[in-house]
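All remarks here apply to the structure that follows.
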Amino acid sequence: MSREATLKLAELALAKGAYKECLSTLESLLEGNSFQKDNDAQVAILMITALIGKGDNQRAIAISEILTKHSNHSIRQQAKQFLSILKSPSLERPSDWSVTIPKLNLDTPLTGVKAFSNTNSKPDNINPPTGPTKHLKAGFTILSLVFFLLLSIFLSGCVKFTTKIEMKGADHMTMNWDIESNSNRLLPWQEDFQSSLKKLQPRLEIETYEDGKQRVSSPVLSSRDANTLFKDTIAIAAELSDFQVPKSNLNLVEKNWLIGIEQHLNLDIDLRQLPEIPGLNLTISIKSASSKTLPKSQPIAVTLENNYIKWILQQGSMNTLSLVQWHWSQLGIGTIVIILIMILSIIIQNLRLQLGFGFPELPP
């Protein structure tokens, strides 16, 4: 029997719920346990579906984790979506959602009732047979699978991702990320994001909480290092979600005026290639040194909350922000004050000479 015919038999067995028969048919097609070939990967996808129907979630998870390392992008994405479904927390079923039927004891014979037969009585009406039960078609299984995959994408997008930027002084800034799951549970995406960030920058401090919240903190960085970390973080988040990496740039230009530093911060984040994901909230928060003038931003205007400039990014658009801040220099101000005192002292001394008092002298 050809490979195509065997796959057809496995799909028919899967459609009618014969999971053992489907698995035995698919295992005969496997050439190994690596699943790295495209033909084996297609077989593995069907095996995962059958294992889920059979209730063998552990084996389904093991095969899905192997497929996440496949060279085919589409197969990797399907495997990650399977993992998000299999590793999702199980919800308890409320007792009032079902009706409990009491057990009836029908084994006790009836007493005091005489059995009789009436040959003239008409037989009870018997419903005509409806024919053999038809199995579900393969299209129903595919439609159900697509529904669960879309559901997993929706749940993985229910995340609030906030980037906090604070400028500490001349070419010094810190960056923090607050990630919050709307389901109040840690998502598999968050665990992968944490491990990837740790490999990228071991100096990052990562705190994880049971209610699905994460906080990532960076040490004090230069503007160049902050720009690199900013781009790498966005790239990791996009790759884990199997999206195209958006273009981003963080540029800080400073002018030193001795008494203070004028800082120009420009942020460009291109989300035009990012698909619309319900429940995904992307926000950038910047510590404001002055609340008098708000920065210019497109397409959504910024707001000021507790000395933080809050900027919500819009999916499917080019997001830009331009901020101008002023940091006073204590050293520069001290130098100016000393110079002014010296100038004032010279002026007073010249006035004394012009009035004829002469230079101060010691008593005889």
Side-chain angles (χ1 to χ4, degrees), residues 162-178 201 203-205 207 215-233 248-269 283-313 319-364:
T162 303
T163 302
K164 291 186 177 181
I165 302 174
E166 182 175 357
M167 289 178 282
K168 295 289 188 179
D171 198 29
H172 285 78
M173 63 174 58
T174 59
M175 303 183 69
N176 299 325
W177 291 271
D178 291 334
Q201 180 57 265
R203 295 175 59 193
L204 293 177
E205 296 182 3
E207 300 177 3
R215 182 173 180 83
V216 182
S217 303
S218 77
V220 178
L221 303 171
S222 64
S223 59
R224 182 176 180 180
D225 293 337
N227 185 29
T228 302
L229 181 60
F230 184 68
K231 290 182 178 180
D232 292 341
T233 304
S248 60
N249 185 49
L250 183 151
N251 184 29
L252 178 64
V253 179
E254 297 180 335
K255 294 181 179 179
N256 194 336
W257 298 96
L258 186 61
I259 61 173
I261 300 173
E262 185 181 2
Q263 296 179 320
H264 294 258
L265 177 65
N266 296 308
L267 282 174
D268 300 318
I269 304 174
T283 305
I284 291 181
S285 184
I286 304 174
K287 185 66 176 295
S288 175
S290 175
S291 59
K292 295 181 179 180
T293 57
L294 291 177
K296 299 178 181 179
S297 63
Q298 294 290 341
I300 300 178
V302 301
T303 58
L304 186 63
E305 296 182 5
N306 299 326
N307 292 330
Y308 273 92
I309 297 171
K310 184 179 180 182
W311 181 36
I312 300 177
L313 303 182
N319 298 264
T320 60
L321 179 141
S322 179
L323 169 67
V324 179
Q325 284 195 153
W326 180 270
H327 280 275
W328 294 102
S329 173
Q330 296 180 357
L331 179 61
I333 294 175
T335 303
I336 296 296
V337 171
I338 293 174
I339 293 175
L340 290 177
I341 292 174
M342 292 178 64
I343 294 174
L344 182 61
S345 175
I346 295 174
I347 293 174
I348 293 174
Q349 186 176 1
N350 289 332
L351 289 175
R352 286 175 56 86
L353 291 175
Q354 292 176 4
L355 293 174
F357 290 102
F359 292 100
E361 298 178 357
L362 294 175

How many angstroms lie between atom CD of E166 and atom CG of N307, to the nearest 0.5 angstrom? 10.5 Å
Side-chain contact, heavy-atom cut-off 4.5 Å: L221 with F230? no
Tightest non-hydrogen contact, residues P295 and V302, listed as O-CG2, 3.7 Å
Shortest non-hydrogen pair, M175 vs A226, comes out as SD-O, 3.5 Å
Go through it in stages, so that I can follow the logic: the residues are I284 and N319, the test is side chain to side chain contact (heavy atoms under 4.5 Å, CB included), and I'd like the CA-CA distance, side-chain angles, deciding distance and then a yes or no. CA-CA 11 Å; I284 291 181; N319 298 264; over 6 Å; no
Mind checking what makes salt bridge (Lys or Arg N to Asp or Glu O under 4.0 Å) contact with E254, not counting sequence neighbours? none
Consider side-chain contact (heavy atoms from CB on, under 4.5 Å). Of L321, T320, N251, which one does D268 pass it with? T320
Quickly, which of T163, I286, L313 forms a side-chain contact (heavy atoms from CB on, under 4.5 Å) with L267? Name it, please. I286
Just one of L252, N176, T174, L250 clears the side-chain contact (heavy atoms from CB on, under 4.5 Å) bar with I165, so which one? L250
To the nearest 0.5 Å, how far apart are CD1 in I339 and CD1 in I336? 5.0 Å
Does a side chain donor of either N266 or S322 reach within less than 3.5 Å of an acceptor in the other side chain? yes
Below 4.5 Å, heavy atoms only, C-beta onward: do V253 and E262 meet side chain to side chain? no
Donor-acceptor contact below 3.5 Å, side chain T233 vs main chain L229: yes
Go through the structure and list residues passing salt bridge (Lys or Arg N to Asp or Glu O under 4.0 Å) with R215, not counting sequence neighbours. D178
Step-by-step side chain to side chain contact (heavy atoms under 4.5 Å, CB included) determination, K287 to Y308: CA-CA 5 Å; K287 185 66 176 295; Y308 273 92; 3.6 Å; yes
When you look at CG of N306, are more than 12 heavy atoms from neighbouring residues, nucleotides or ligands closer to it than 6.0 Å? no
Separation between CD1 (I346) and CD1 (I341), nearest 0.5 Å, reads 12.5 Å
Residues M167, L323; criterion side chain to side chain contact (heavy atoms under 4.5 Å, CB included); working and verdict: CA-CA 12 Å; M167 289 178 282; L323 169 67; 3.9 Å; yes
